[in-house]
J.: 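Let me begin by handing over the structure; questions about it come next.
Any value given below was found using the heavy atoms of this structure, including those in side chains, with hydrogens, waters and symmetry copies removed.
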Amino acid sequence: MITIKNSVQIEKMREAGAMLHDVLAQLKGKIEPGITTKELDRFAEKLIRSYGAIPSFLNYEGYPASICTSVDSQVVHGIPSDRTVLREGQIVSVDAGLILDGWQSDSAFTAGVGPISAEAQRLIDVTEESFFAALEAAREGYRISDIGHAVQQYVEQRGFSTVRALCGHGIGREMHEEPSVPNYGIPGHGVRLRRGMTICIEPMIAVGDYRVKTLRDGWTVVTTDGSLCSHYEHTLLITDGEPELLSLPGYHKEETR
């Protein structure tokens, strides 16, 4: 069931999104060679709870951590570990969510660990750019497949591939609500977007093939060919004009990110 949020509910999600944006900004500043992914997880949980919120990932369907940390060929759902020490030249995606007064926000970014290769940086850049290209289709009256088509077209024109087995989602009181928001597809299909809908768009982009598999831990998704993958996500609100990025407060299209 797709839920349309009222002004009071939207304000709660706006507060949650601003809080999550701050958490991820601080996490990004912690990424450096020598830090473990579990250290990032502990920092995130402590910060989220200090703000009076709850880490939405922790114990979600049995997930054992407060954030996901996915390194290099890991696409999503990498489990933080004291044994995973970040090394210079790697890339790591950090995906986090929180619950504030019963309302959810979800966001992710990918960053380099120290200096990284030109190819890795281009992958990160194209992933983020594909998200913002998709915003042109995240408008009232468009259909859900228009978003995925925009991501796929942008990415494939630049020589990368978009993961198809995973997708974005609706969000509200629950972290995953209807509708699903794929990152590929033929335009003009699926649910029509309406103002008051809140969704997460999250391109997952690979250097090589788009096929993925899940490791034995039951969570970590990796590219089958071992190629690098990048992930970027925001929670957003469909309005009567440009979408509002709830987890990127103050964003305006004309501004430099």
J.: Have Thr162 and Glu156 got a donor and an acceptor in their side chains that come within less than 3.5 Å?
T.: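 Not at all, the side chains of Thr162 and Glu156 share no donor-acceptor pair under 3.5 Å.
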J.: Honestly curious: do Leu166 and Met175 fall in one hydrophobic cluster under the side-chain, below-4.5 Å linking rule?
T.: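 The answer is no; the residues belong to distinct hydrophobic clusters.
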J.: Should the pair His77 and Trp219 be assigned to parallel (<30°), tilted (30 to 60°) or perpendicular (>60°) ring geometry?
T.: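 Ring orientation, 0 to 90° scale: perpendicular.
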J.: Are the side chain of Ser73 and the backbone of Ser227 linked by a donor-acceptor contact shorter than 3.5 Å?
T.: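 A pair under 3.5 Å: no.
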J.: With a 3.5 Å distance limit and no angle check, can you tell me whether His149 reaches the backbone of Gly185 through a side-chain donor-acceptor pair?
T.: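 The answer is yes, because a donor-acceptor pair under 3.5 Å joins these two groups.
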J.: Are the side chain of Ser56 and the backbone of Gly97 linked by a donor-acceptor contact shorter than 3.5 Å?
T.: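 Confirmed, Ser56 side chain pairs with Gly97 backbone.
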J.: Between Tyr154 and Arg158, is there a cation-pi geometry (under 6.0 Å to ring centre, at most 45° from the normal)?
T.: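 The answer is yes, since Arg158 meets both limits relative to Tyr154.
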J.: Would a distance-only check, ignoring hydrogens and angles, find a side-chain to backbone donor-acceptor pair under 3.5 Å from Gln121 to Ala118?
T.: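 It does not hold such a pair.
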J.: Measuring from Lys38:NZ to Ser66:OG, what's the distance to the nearest 0.5 Å?
T.: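 Rounded to the nearest 0.5 Å, the NZ-OG separation comes out at 7.0 Å.
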J.: What I want to check is whether the side chains of Ser247 and His21 have a donor and an acceptor closer together than 3.5 Å.
T.: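 Their side chains do not contain a donor-acceptor pair, so the 3.5 Å distance test is not met.
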J.: Any ring-ring contact (aromatic ring centres under 6.0 Å, His included) involving residues 158-206? Give me the pairs, sequence neighbours left out, ordered by first then second residue.
T.: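 Output for this query lists Tyr60-His176, His169-His176.
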J.: Taking Asn183 for its side chain and Glu202 for its backbone only, find out whether a donor-acceptor pair lies under 3.5 Å.
T.: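 Confirmed, Asn183 side chain pairs with Glu202 backbone.
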J.: Between the main-chain N or O of Leu246 and the side-chain N or O of Thr235, is there a donor-acceptor pair closer than 3.5 Å?
T.: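 A pair under 3.5 Å: no.
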J.: Is the closest basic N to carboxylate O distance between Arg122 and Glu119 below 4.0 Å?
T.: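 Salt bridge: no.
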J.: Kindly check if the number of other-residue, nucleotide or ligand heavy atoms within 6.0 Å of CZ (Arg49) is above 12?
T.: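 For Arg49, atom CZ is crowded (more than 12 foreign heavy atoms under 6.0 Å).
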J.: Kindly write out the residues that satisfy side-chain contact (heavy atoms from CB on, under 4.5 Å) with Asn59, not counting sequence neighbours, or none if the list is empty.
T.: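 Checked Asn59 against side-chain contact (heavy atoms from CB on, under 4.5 Å); zero matches.
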J.: Classify the side-chain pair Thr198/Lys5 by whether it contains a donor and acceptor separated by less than 3.5 Å.
T.: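 Side-chain D/A pair, Thr198 to Lys5: present.
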J.: Between Asp225 and Asp209, is there a donor-acceptor pair closer than 3.5 Å when you use the side chain of the first and the backbone of the second?
T.: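 At least one qualifying donor-acceptor pair exists.
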J.: Just checking Phe131 against Tyr232, ring centres under 6.0 Å apart?
T.: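 Yes, the ring of Phe131 comes within the 6.0 Å limit of the ring of Tyr232, centre to centre.
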J.: Give a yes or no on whether a salt bridge exists between Glu39 and Lys30, defined as a side-chain N under 4.0 angstrom from a carboxylate O.
T.: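 No, no charged N to carboxylate O under 4.0 Å.
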J.: Checking Glu177 side chain against Glu174 main chain: does a donor-acceptor pair fall under 3.5 Å?
T.: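 Yes; at least one donor-acceptor contact below 3.5 Å.
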J.: Are there more than 12 heavy atoms of other residues, nucleotides or ligands under 6.0 Å from atom CD1 of Ile186?
T.: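 No - once you tally the heavy atoms of other residues, nucleotides and ligands closer than 6.0 Å, there are 12 at most.
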J.: Taking the side chain from Thr127 and the backbone from Ile205, do they hold a donor-acceptor pair closer than 3.5 Å?
T.: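 No; zero donor-acceptor contacts below 3.5 Å.
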J.: Would you say Arg195's side chain and Asp240's backbone share a donor-acceptor pair under 3.5 angstrom?
T.: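 Checking the backbone N and O of Asp240 against the side chain of Arg195, no donor-acceptor pair under 3.5 Å is found.
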